Structures are given as structure tokens and as C-alpha cells.
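We count ligands from 1, going down the list as the structure has it; atoms in each ligand are counted the same way. Quantities reported herein were computed from a predicted structural model and do not represent experimental measurements.
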Amino acid sequence: MFGRTRYIAWATQFYGKVPYDLATSGVPYATWAELGLPTPDVDDPAAFAALRGAIARYNDVSPAEVVPALGTSQAIFLAYAALLSPGAELLVGAPGYEPLTRAAEGLGATVRAFDRRADEGYRVVPERVAAAIGPRTRAIVVTSLHNPTGVRVDDDAVRELAAIAAARGAYVLVDEVYAPFDDLPEDGVFRGSARKLAPNVVAVSSLTKCYGLGMYRVGWVLGPEEVVERAEAAAVATFGHAPLAHASYGSAVLGAVGPLAARAKALLAGKRALAERWVASLPNARWSAPQGGLFGLVTLPGRGDLLASIEARAREAGVLVGAGTFFGAPESFRLSWATCDAARFSEGLRLLEPLVSP
Ligand SMILES: Cc1ncc(COP(=O)(O)O)c(C=O)c1O
């Protein structure tokens, strides 16, 4: 059975509902009018194949490696359904994004964590994963950029994980929903998918975070043939197929990724540096020091669980950060510069002072 995902329940309650939202993890929504696209034909079933083709082109892989999904969330479910059966084991990086755990548990798998440690810059350390892997491990899961720290998993580490997994007949699942932030593709092609790094790497992603297309739910699984086949079987068994309008609009909006990448770059410009300078000015705070993206993790060692103080700041000053509690890092918060412009972001940082003062 699927347990409640506490993080999403909390995010639904607070995110986007305060004047200084330093918590939300995607660039602001782009409206249909802003995209300037012709209205797609929503009656033509050829849109299903067109969507698969457009996802393949965007990711620079072959259509045979693609299973379209409703956002990264459903892509995670379909990938897990393809990789796991009851009693299987999954290794997932901690701290981490809670649905990656809940979805696997719901499918009857056992979830074990491996640490991504602050004193190692939240890198994935393959030796630690190798020490944790067991005979029932079916998949090693990483997010890159890492939620909540924003730290990238480098390609060599993914290849090492893939070799560790391959020795057990297992897979590496990379949730790369934030990966394009490293180099937002103004030509509309994301060339950095981890899928291309080794045969047993499965990637999940969507257009929701980088391009302001959260409401279109255009997501996918990229995997080898046997994973694609099983993920498609899971899709057919659980929802038949997605609405035709999802495919029609999905393939249309994939054609607007280039300009949306440029839009995202402009919206984010300069704010990571503001965040970095602010954290550096705080006594006793640690920073995950992401090299790109739209959030990083601030840790206040010795302060205990920050959740109540974070909620108090939201209520009293209208400023919200992402509570590390829900990522397994209670002395931390995720600081995002996705939605506020630079002036509002700076004011939000100022309003956080009572939270960060020793
Ligand atoms: C690591 C990670 N994966 C997946 C998702 C869900 O993405 P989507 O909105 O495309 O379902 C999120 C959303 O916050 C996320 O942080």
C-alpha cells in the first residue's frame, strides 16, 4: 500500500501561497498565449506517436527507448513497476525526495538509503553504494541535480554505479528532472541524459521544472528495450493510455523548449550568486554549493528540527523555504530562487533573518 507522502502534503499547504516563496522548485508557469503556438489538433491519434518522437528528439535518444508519462511522478511509478516486484530492494540516496521512497514501498519493495554526505559535498560515493548493494537489489536511485541540495552527479559516478548494478543484474535509475538546468538547451535538445551513459541506466524526467510547463504533465521514462516493454505493460494495466489531448499538447509544447530555455535562463540569472553571498554572510551556516539549478541546501548545525521555525516565518513574515525535515535533513532548509525576481528574493532573504540567527 502507498503511505502518505508528507512532503507533498506540506508543500500543497504552503507553496505558492506566500508573498516570498523561496521554496518552490520550478520556474514560473508559462501561459499558452506566451508560447505563441498554433492550437494543436486534439482529435488525431497520430499525436501519440508524435509525442514519443518529440520526447526522443528532445532527449537525443531513439523513440524505442521512450515511454511517455504524466510528469516525472508517473514516470517514477512506471519505471519502478518495470524494475521492482514485491520483496525486491531499492537503494536510494539520502537526503532525498520522498516520493522516490513512497512509490517503491507502495509497490512492495524494501527501500534502503545510502548517504550523500555534507562533508563530501553531497557527492554520490560509488564505494558506499557498492557496500550497501545486496542480492535482492534491483535498482540504485539517484537524483541529479540532487533534490534537495542541487548537486550534480557526475557522469563517471553514474557509470560506476551502472557497473556496480550490472554485476547484480540490476539498474541505475536517474531522476534527471532538474538536470537541464546545468545548460538549458536553447536549441531545444537536451544532450545530457544519463540514459546514454550505460545500457542499464534508466532515466526519468519531464518538462515541469525547467520550462514553466508544470501543468502539461509531459514526462517520460527512457530505458533499454526490456524496461520499456514492462513500463508500457504497467501503463496499459493501470491507466490504459493518457488522454489524446496530453499527447497533442505535449508534442506541441516540446517544440517550444528552445525559447522556454532562454526564458528560464533570464528568470534565474544572477540569483544563485545572491543566495551564495547571503549564506556566506551567515555565522555557522553550511551551503551545499550547487554549481547550477534553482535551489541549494542551507544547514544550521546544532539547531535541531527547523520545521516549526520555518512555518512560523511563513505565517509571520510571508516568507517560505523548503523544510529539510521532509528530505531527511531536519537541520536544513532548501532555498530556491525559482519564482521571485532578484529584488523580491533579496527581500525574502532579509525576512529569513530570525530563522537563521543563532
Ligand atoms: C526529484 C523530483 N522528481 C520528480 C518530481 C516530480 O516532477 P513532476 O512534476 O514532473 O511530476 C519532483 C518534484 O518536485 C522532484 O523534485
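- Cation-pi geometry between R334 and F295 is met: the NZ or CZ atom falls under 6.0 Å from the ring centre, inside 45° of the normal.
- Ligand 1 places these atoms under 4.0 Å from at least one heavy atom of K209: 12 (C), 13 (C), 14 (O).
- Contact check on E120 versus R128 returns a salt bridge, with a Lys/Arg side-chain nitrogen under 4.0 Å from an Asp/Glu carboxylate oxygen.
- A salt bridge is absent between E98 and R6; no separation between the charged side-chain nitrogens and carboxylate oxygens falls under 4.0 Å.
- For ligand 1, the atoms sitting less than 4.0 Å from at least one non-hydrogen atom of S206 are 10 (O), numbered in the order shown with element in parentheses.
- Atoms of ligand 1 found under 4.0 Å from any heavy atom of R217, numbered from 1 in the order shown, are 8 (P), 9 (O), 10 (O), 11 (O).
- Contact analysis leaves Q74 out of contact with ligand 1, as no non-hydrogen atom separation drops below 4.0 angstrom.
- Shown in contact with V177 at under 4.0 Å from a heavy atom are these atoms of ligand 1, numbered in order with element: 2 (C), 3 (N).
- Every N/O-N/O distance between T143 and ligand 1 stays at or above 3.5 Å.
- Using a 4.0 Å cut-off between charged side-chain N and carboxylate O, R52 and E232 make a salt bridge.
- Ion pair R117/D115 not flagged as a salt bridge, since none of the NZ, NE, NH1 or NH2 atoms sits closer than 4.0 Å to an Asp/Glu carboxylate oxygen.
- In this structure, W278 and F333 have tilted ring planes: the angle between them lies in the 30° to 60° band.
- Short contacts between ligand 1 and Y178, defined as distances under 4.0 Å to a heavy atom of the residue, involve ligand atoms 1 (C), 13 (C), 14 (O), 15 (C), 16 (O).
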